[in-house]
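Everything on this sheet refers to the single structure shown next.
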Amino acid sequence: MFDILDTGASGLAAQRTRLDTIAANIANINTTHGPNGEKSPFRRRMVMFAAGHPNNASKPGVHVQKIMQDPSPFIRKFDPGNPDAGTDGYVNMPNIDMSIEYVNALEASRAYEANVTMMETTKAMLNSTLRLIA
Amino acid sequence: MLIDKMINGGASPVLEQVLKFTEARQSMIADNIANKDTPGYRAKDLSVEKFQTMLRNHVEQANNGSPGSVNFDDIKSELEHPNNGILFHDGNNVSMEQLMSDNAKNVLLHNMIVELLKKQYQTMEMSLKDHAG
């Protein structure tokens with residue numbers, strides 16, 4: 001009976017992971033080096049969802065299956081003065097489009113809200129059932 | 001026994017089945033909302049019509065027989081995949097608007113049934129007190 005709330009919570013966790021990923025994308029929009037200083041532009045991360053509760057896939061809910069890297073080509077920016085520029089004067093910048101990230105962030109937060117609303121109404125429902133006893 | 005007739009007769013068993021149904025349906029709706037962005041996810045629902053038909057048949061049987069002679073526990077509801085929403089490019093057909101209205105309707109029905117059941121229990125309590133006093 002209380003499992004319905006777990007379903008909502010799994011939705012919250014999944015959408016939060018998605019928002020985290022989007023935040024990391026936006027934070028790294030100008031990153032051209034890897035964590036160890038090697039020269040490799042940041043690749044956009046994408047979250048893949050799959051049906052089933054994270055702890056038990058046969059139960060209702062949603063979980064993050066994997067976080068993928070966007071294979072699309074890097075954005076080429078002409079900047080000969082940049083130390084990362086190649087011989088032709090172009091710098092490889094992360095393949096991140098700010099507008100796409102914003103739209104995805106908005107969608108994720110709306111989906112988060114939908115799950116919260118769902119949990120609120122379910123809670124009201126469970127409360128009324130529990131009042132039967134009292 | 002009197003208490004048996006009070007518990008198994010009347011509307012209480014019917015109301016209990018409806019409560020079970022709304023709870024199961026709420027779980028489906030929650031799953032659909034959680035999987036709103038899952039690629040390839042198909043919306044799930046419990047058929048309200050089939051449940052109501054089955055319930056009506058049981059109620060008619062119970063009205064013809066003696067109280068408690070019909071068992072309401074074997075009422076099942078069928079899982080269905082509604083196909084009336086837009087199928088998005090990721091293979092997902094969850095319709096948020098439909099879900100929100102289903103959710104509201106389901107909760108209202110649930111709360112109404114709870115109120116009715118509460119009244120039933122109150123009536124029962126009243127008559128029991130009368131017997132004791």
Side-chain angles (χ1 to χ4, degrees), chain A residues 1-19 21-22 46-54 57-66 68 104 107-134, chain B residues 12 15-16 18-46 79 81 88 90-122 124-125:
Chain A
M1 174 177 173
F2 297 105
D3 285 357
I4 307 177
L5 290 175
D6 291 344
T7 308
S10 77
L12 291 183
Q15 298 296 346
R16 187 173 38 73
T17 311
R18 188 173 167 207
L19 263 178
T21 313
I22 294 165
M46 299 184 294
V47 176
M48 295 294 288
F49 288 162
H53 195 267
S58 61
K59 284 212 292 196
V62 65
H63 66 275
V64 175
Q65 192 186 32
K66 58 179 168 180
M68 276 174 63
N104 281 336
E107 210 200 329
S109 76
R110 286 279 179 270
Y112 191 94
E113 276 171 33
N115 278 295
V116 171
T117 310
M118 176 71 225
M119 286 172 83
E120 296 274 356
T121 52
T122 306
K123 238 166 60 188
M125 195 172 141
L126 295 177
N127 261 330
S128 78
T129 312
L130 291 176
R131 274 203 298 275
L132 259 181
I133 306 165
Chain B
S12 302
L15 296 177
E16 276 168 29
V18 181
L19 275 192
K20 272 191 196 167
F21 174 78
T22 52
E23 220 165 76
R25 186 150 188 253
Q26 188 71 8
S27 160
M28 299 275 152
I29 296 170
D31 198 15
N32 287 342
I33 291 181
N35 283 293
K36 174 191 170 297
D37 293 314
T38 306
Y41 180 82
R42 305 303 297 267
K44 294 187 279 200
D45 201 359
L46 290 177
L79 180 75
H81 294 272
F88 290 97
D90 61 356
N92 189 313
N93 70 340
V94 172
S95 155
M96 214 53 195
E97 295 79 9
Q98 185 65 44
L99 278 179
M100 282 300 168
S101 96
D102 281 351
N103 179 23
K105 276 191 281 188
N106 198 42
V107 171
L108 286 174
L109 175 67
H110 179 93
N111 289 350
M112 183 180 84
I113 299 296
V114 166
E115 287 303 318
L116 288 174
L117 206 49
K118 226 190 267 180
K119 284 278 179 297
Q120 288 264 322
Y121 290 155
Q122 276 170 9
M124 222 182 268
E125 206 184 334

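Protein chains get the first letters and strands the later ones, always in sequence-line order, with residue 1 at the start of each. Computed over heavy atoms, backbone and side chain alike; hydrogens, waters and symmetry mates excluded.
For B:L19, the part lying near chain A is the side chain, with the backbone staying farther off; criterion is any non-hydrogen pair under 4.5 Å. Of the atoms belonging to A:Q65, not a single heavy atom falls under 4.5 Å from chain B. Heavy atoms of B:M28 lying under 4.5 Å from chain A are absent altogether. For A:A114, the parts sitting under 4.5 Å from any heavy atom of chain B are the backbone and the side chain alike.
Chain B forms the most heavy-atom pairs under 4.5 Å with one residue out of A:D3, A:N127, A:N115, A:L5, and that residue is A:N115. Across B:V114, B:L117, B:V107, the residue that shares the most heavy-atom pairs under 4.5 angstrom with chain A is B:V114. Ranked by heavy-atom pairs under 4.5 Å with chain B, the list A:G61, A:G52, A:G11, A:A111 is led by A:G61. Between chain A and the residues B:N32, B:I113, B:N103, the most heavy-atom pairs under 4.5 angstrom are made by B:N103. Taking chain B as the reference chain and counting heavy-atom pairs below 4.5 Å, the highest number among A:K59, A:H63, A:R18 is found for A:R18.
Here the CD1-CZ distance, from A:I4 to B:R25, works out to 12.5 Å after rounding to the nearest 0.5 Å. Atom CG of B:N111 and atom CZ of A:R131 lie 7.5 Å apart (nearest 0.5 Å). Atoms OG and CG, from A:S10 and B:D31 in turn, are 7.5 Å apart once rounded to the nearest 0.5 Å.
Side-chain contact check for B:K36 versus A:E107: some heavy-atom pair is nearer than 4.5 Å. The closest side-chain heavy-atom distance from B:D37 to A:V47 is not below 4.5 Å. Counting only heavy atoms from C-beta outward, the side chains of B:Q26 and A:T121 approach each other to under 4.5 Å. For the pair A:T129 and B:H110, the minimum side-chain heavy-atom distance is below 4.5 Å.
Heavy-atom minimum distance, A:F49 versus B:P39: O-CD, 3.4 Å.
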Step by step, would you call B:I33 with A:T117 a side chain to side chain contact (heavy atoms under 4.5 Å, CB included)? CA-CA 10 Å; B:I33 291 181; A:T117 310; over 6 Å; no

Verify side chain to side chain contact (heavy atoms under 4.5 Å, CB included) between B:I29 and A:M118, making sure each step is shown before the conclusion. CA-CA 8 Å; B:I29 296 170; A:M118 176 71 225; 4.1 Å; yes

